[in-house]
Visitor: 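Sending over a structure as structure tokens; questions will come in a sec.
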Amino acid sequence: MTSFQFSVKSRLARPSLARTGIIRTPHGEIKTPAFIVVGTKASVKAMTPEQVSSVNAQAVLANAYHLYLQPGHKLIEKAGGLSKFMNWPGPTFTDSGGFQVLSLGSGYKKVIDMVGGESTEITKKTKTERKAFVDEDGVTFFSHLNGSRHRFTAELSMQIQHAIGADIIFAFDELTSLADPYDYQIESLKRTHDWALRSIEEFNRLRLANPTRPYQALFGVIQGAQYEDLRRMTSKFMAGLPVEGFGIGGAIEKKRLGQIVRWVTDELPEEKPKHLLGISEPDDIFEAIDNGIDTFDCVSPTRVGRNGSAYTYFGRQNIVASRFRDDFRPLIEECACYTCQNYTRAYLHHLLHAKELLGYTLMSIHNEYFIIKLVDDIRLSIENGSFNNLRAQWLKNYYKDK
RNA sequence: GCAGGGUUAGUGAAGCGGUCAAACACGGCAGACUGUAAAUCUGCUGGCUUAUGCCUUCGUAGGUUCGAAUCCUACACCCUGCA
């Protein structure tokens, strides 16, 4: 009965493409712009679903590759789908495994700067031995868990994501790195197009074969790295496909994030939702929303939190640093999150040094709350016309006094 | 009391005549982290106006040697066995 629907509620005057809206899914609504929390393995790391909810998260994004390996998509299907399995009643997304084509492939054991700093790749000192190999038809993965060999194709990614049963799923794509040459980007893009067509076909087949399943929406994925012609070309191509929304992915130069997003949103149909994959730095969020992005997801709040950094209005603060040892203030005085309401920097510093599990939880709660609150504030600001003010006020402080 | 083993940088622990300011681990300090191989990774970790340099270190005090954390002697403390 409930299917997928996206409606735009309000928008800013051009040239801004910022807008608010609502995505309706079988598991509930998402007010956009929205930050989607990442729960790769059907768990937002260190957080219970109640905590995820308390942080005002509207939806969770999991990963087809990880869940296929463990515990297996069939098991999740048997459990009644992702939402039920993980006890998250709200909307869910799954990524196709496309990211792992890079992270386990050419990017394996490398520090890949996904948003293009000065150096795009720094090879780690450990020996590199990739675990993913791309060809025209698909990707061969060697499990990071036990080395076993697996073959991903667009069809299998769809079967996995269909079984997992998230509300929004992504076509299988290849993520390239900024360091890949132009010729390779073209070659890869052809592959991603082919895989998108095959994803649609397989997805339609599965949908017809299982008419009683809750409705799932398929999003096409836009790649093209830092090249305007490629991003526009692939966007035009994807715009013509029968998909219900778009994921914008790939290595994106931070300096030109807004511009790159704009090339894409220029070419895509306005009435469909656009998800920017893997972005959550405050300045990037402003840029992206201004250029027409409706949803984001990112591992950063939880990962960075577990590793000791807290988001603040003055950038990320490394709470494990010795200067916080006897700092008895909350992470942010005015922050309404559970962590800031109840715990001090000194306590968090201690928990992180002692590797106490509670530390990871409290840091994750704060960081998720912080980023979600930012996007919520932006949503309000679009509705009441104060977007530019909010942005200016925010960015004035963020990279200062770090 | 006798016999044997031990004492190395914040901790644990390698080293057993020169290539030793001394492996490694932990800890400490700093940094990184953007569709999670990530409770991870990187760098530094005796001192010095940071250097293919100098100085002070390997229980304490002497000694052997061109040269000692490494060999010898004495002492101190610790452990094990026998009395």
Side-chain angles (χ1 to χ4, degrees), chain A residues 35-46 60-67 69-70 93-105 107-117 119 122-126 128-132 141-147 166 168-175 219 221-223 247-254 257 275-285 287-288 295-309 311 316-318 320-323 325 351-364 367 371 402:
Chain A
F35 179 71
I36 312 304
V37 162
V38 175
T40 301
K41 296 189 271 188
S43 155
V44 179
K45 291 188 195 294
V60 173
L61 179 143
N63 186 294
Y65 170 79
H66 296 259
L67 294 175
L69 288 182
Q70 189 181 53
F93 294 54
T94 43
D95 183 30
S96 63
F99 180 75
Q100 281 63 40
V101 179
L102 175 68
S103 68
L104 298 179
Y108 188 65
K109 282 193 175 165
K110 288 175 183 171
V111 175
I112 304 160
D113 187 345
M114 293 304 301
V115 283
S119 58
I122 303 151
T123 306
K124 285 187 189 172
K125 283 184 177 165
T126 40
T128 62
E129 180 196 322
R130 58 157 71 187
K131 297 212 175 291
F141 287 107
F142 292 89
S143 162
H144 66 276
L145 297 174
N146 62 11
I168 294 171
I169 71 174
F170 289 98
F172 192 49
D173 66 313
E174 178 186 3
L175 170 52
F219 281 26
V221 180
I222 313 288
Q223 292 291 345
I248 299 170
I252 291 175
E253 285 180 291
K254 189 179 176 77
L257 186 137
H275 180 93
L276 184 59
L277 289 150
I279 293 295
S280 76
E281 283 304 304
D283 54 337
D284 297 335
I285 288 176
E287 271 298 303
T295 54
F296 312 84
D297 71 273
C298 196
V299 304
S300 192
T302 51
R303 179 193 286 172
V304 147
R306 263 178 283 121
N307 294 336
S309 285
Y311 278 98
R316 297 200 302 228
Q317 302 271 339
N318 204 356
V320 292
S322 55
R323 66 179 180 280
R325 186 167 34 226
L351 292 179
L352 292 164
H353 270 266
K355 297 183 171 27
E356 278 293 332
L357 271 32
L358 181 59
Y360 307 133
T361 297
L362 295 178
M363 291 294 287
S364 298
N367 283 349
I371 295 298
K402 202 167 181 180

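Order of the sequence lines fixes the chain letters, A, B, ..., with proteins taken first and strands second; residue numbering starts at 1 for each chain. Heavy atoms only: backbone and side chains are in, while hydrogens, waters and symmetry mates are out.
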Visitor: For C29(B), which nucleotide is its Watson-Crick or G-U wobble mate, given both distances must be under 3.5 Å?
Guide: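 Result: G43(B).
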
Visitor: Counting the atoms with a prime plus P, OP1 and OP2 as sugar-phosphate, which does N63(A) contact under 4.0 Å by heavy atoms, base, sugar-phosphate, or nothing?
Guide: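 Sugar-phosphate only.
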
Visitor: Determine whether a donor-acceptor pair (one donor, one acceptor, N or O, separation below 3.5 Å) exists between the side chain of D173(A) and the base of G35(B).
Guide: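 When only heavy-atom distances are counted, D173(A) does reach the base of G35(B) through a donor-acceptor pair under 3.5 Å.
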
Visitor: Which of parallel (below 30°), tilted (30 to 60°) and perpendicular (above 60°) describes F219(A) and F170(A)?
Guide: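 Judged by the thresholds at 30° and 60°, the geometry between F219(A) and F170(A) is perpendicular.
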
Visitor: Could you please name the partner base of C16(B), counting Watson-Crick and G-U wobble pairs only when both distances are under 3.5 Å?
Guide: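 By the stated definition (distances under 3.5 Å), nothing pairs with C16(B).
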
Visitor: Tell me which nucleotide, if any, is Watson-Crick or G-U wobble paired with G35(B) when both distances must be under 3.5 Å.
Guide: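 In the structure as shown, G35(B) has no Watson-Crick or wobble partner.
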
Visitor: Using whole Å, report how far CD1 of I285(A) lies from C1' of G35(B).
Guide: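 After rounding, the reported distance stands at 14 Å.
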
Visitor: OP1 or OP2 of C33(B) sitting under 4.0 Å from any side-chain N/O of S300(A)?
Guide: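 Result: no.
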
Visitor: Compare the minimum distances between each of C29(B), C33(B), G35(B) and the side chain of R325(A), then state the nucleotide with the smallest one.
Guide: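 Nearest to the side-chain atoms of R325(A), counting from C-beta on, is C29(B).
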
Visitor: With a 4.0 Å limit, can you tell me whether Q100(A) has a side-chain N or O closer than that to the phosphate oxygens OP1/OP2 of A37(B)?
Guide: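 The answer is yes; a side-chain N or O of Q100(A) sits under 4.0 Å from OP1 or OP2.
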
Visitor: Mind calculating the distance between CZ (F142(A)) and P (A37(B)) to the nearest angstrom?
Guide: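 In whole Å, A37(B) P lies 17 Å from F142(A) CZ.
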
Visitor: Need one value for A321(A): base, sugar-phosphate or nothing, where a base atom within 4.0 Å counts as base even if backbone is also close, heavy atoms only.
Guide: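 The answer is sugar-phosphate, as A321(A) gets under 4.0 Å only of primed atoms, P, OP1 or OP2.
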
Visitor: I want to verify a distance call: between C33(B), C29(B), U36(B), whose nearest atom is closest to the S322(A) side chain?
Guide: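 For S322(A), the side-chain atoms sit closest to C29(B).
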
Visitor: Determine the contact category for E356(A): base if any of its heavy atoms lies under 4.0 Å from a base atom, sugar-phosphate if only primed atoms, P, OP1 or OP2 are that close, otherwise nothing.
Guide: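 E356(A): no heavy atom of the nucleic acid under 4.0 Å.
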
Visitor: Taking only residues two or more places apart in sequence or in another chain, which ones pass side chain to side chain contact (heavy atoms under 4.5 Å, CB included) with A132(A)?
Guide: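 For A132(A), the residues satisfying side chain to side chain contact (heavy atoms under 4.5 Å, CB included) (neighbours in sequence not counted) are L104(A), V139(A), F141(A).
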
Visitor: Output the rounded distance in Å from CG (N367(A)) to P (A39(B)).
Guide: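 Distance, rounded to whole Å: 15 Å.
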
Visitor: Output the rounded distance in Å from CG (L357(A)) to P (A39(B)).
Guide: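 From L357(A) CG to A39(B) P: 11 Å.
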
Visitor: Once you apply a heavy-atom cut-off of 4.0 Å, does L352(A) come out as touching a base, just sugar-phosphate, or nothing?
Guide: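 L352(A): no heavy atom of the nucleic acid under 4.0 Å.
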
Visitor: Within the structure, does a side-chain N or O atom of R303(A) lie under 4.0 Å from either OP1 or OP2 of U40(B)?
Guide: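 R303(A) to U40(B) OP1/OP2: no side-chain N or O under 4.0 Å.
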
Visitor: Specify the separation, in whole Å, of atom CZ of F141(A) and atom P of A37(B).
Guide: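 Between P of A37(B) and CZ of F141(A): 10 Å.
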
Visitor: In whole angstroms, how far is the P atom of U36(B) from the CD1 atom of I36(A)?
Guide: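 Whole-Å distance recorded here is 14 Å.
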
Visitor: Whether the E281(A) and Y311(A) side chains hold a donor-acceptor pair (N or O, under 3.5 Å, no angle test) is what I'd like checked.
Guide: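 The criterion, which ignores hydrogens and geometry beyond distance, is satisfied for Y311(A) and E281(A).
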
Visitor: Within the structure, does a side-chain N or O atom of H353(A) lie under 4.0 Å from either OP1 or OP2 of G28(B)?
Guide: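 Result: yes.
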
Visitor: Describe the nucleic acid contact of I279(A) in one word from base, sugar-phosphate, nothing, applying a heavy-atom distance below 4.0 Å.
Guide: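 Base, at least one base atom sits under 4.0 Å.
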
Visitor: Which nucleotide, in any strand shown, forms a Watson-Crick or G-U wobble pair with U60(B), with both distances under 3.5 Å?
Guide: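 Partner of U60(B): A74(B).
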
Visitor: Could you check whether any side-chain heavy atom of V101(A) comes within less than 4.5 Å of a side-chain heavy atom of L175(A), counting everything from C-beta outward?
Guide: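 Side chain of V101(A) against side chain of L175(A), heavy atoms only: no contact under 4.5 Å found.
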
Visitor: Check the distance between A30(B)'s P and Q317(A)'s CD and give it to me in whole angstrom.
Guide: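 Nearest whole value for this atom pair: 13 Å.
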
Visitor: Taking only the side-chain heavy atoms of T40(A) (C-beta and beyond), determine which of G35(B), U36(B), C33(B) contains the nearest atom.
Guide: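 Nearest to the side-chain atoms of T40(A), counting from C-beta on, is U36(B).
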
Visitor: Would you mind telling me which of A37(B), A38(B), G35(B) lies closest to the side-chain atoms of C298(A)?
Guide: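 Of the options given, the side chain of C298(A) lies nearest G35(B).
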
Visitor: Using the P atom on both, measure A51(B) against C75(B) and round to a whole Å.
Guide: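 Roughly 48 Å separates the two P atoms.
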
Visitor: Can you tell me the pairing partner of U49(B) across any strand shown, Watson-Crick or G-U wobble, with both distances under 3.5 angstrom?
Guide: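 None - no nucleotide pairs with U49(B), as no candidate has both distances under 3.5 Å.
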
Visitor: For A32(B), take OP1 and OP2 only and decide whether either is under 4.0 Å from a side-chain N or O of N318(A).
Guide: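 No, because none of the side-chain N or O atoms of N318(A) sits under 4.0 Å from OP1 or OP2 of A32(B).
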
Visitor: So, under a plain 3.5 Å distance rule, would you say the side chain of T302(A) forms a donor-acceptor pair with the base of U36(B)?
Guide: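 Under the 3.5 Å cut-off, the side chain and the base do form a donor-acceptor pair.
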
Visitor: A21(B) pairs with which nucleotide, Watson-Crick or G-U wobble, both distances below 3.5 Å?
Guide: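 The base-pairing partner of A21(B), which may sit in any strand shown, does not exist here.
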
Visitor: Heavy atoms only, 4.0 Å cut-off, all strands: where does N307(A) land among base, sugar-phosphate and nothing?
Guide: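 Base: the residue N307(A), judged by heavy atoms under 4.0 Å, touches a nucleobase.
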
Visitor: For U80(B), give its Watson-Crick or G-U wobble partner with both distances under 3.5 Å, or none.
Guide: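 By the stated definition (distances under 3.5 Å), A3(B) pairs with U80(B).
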
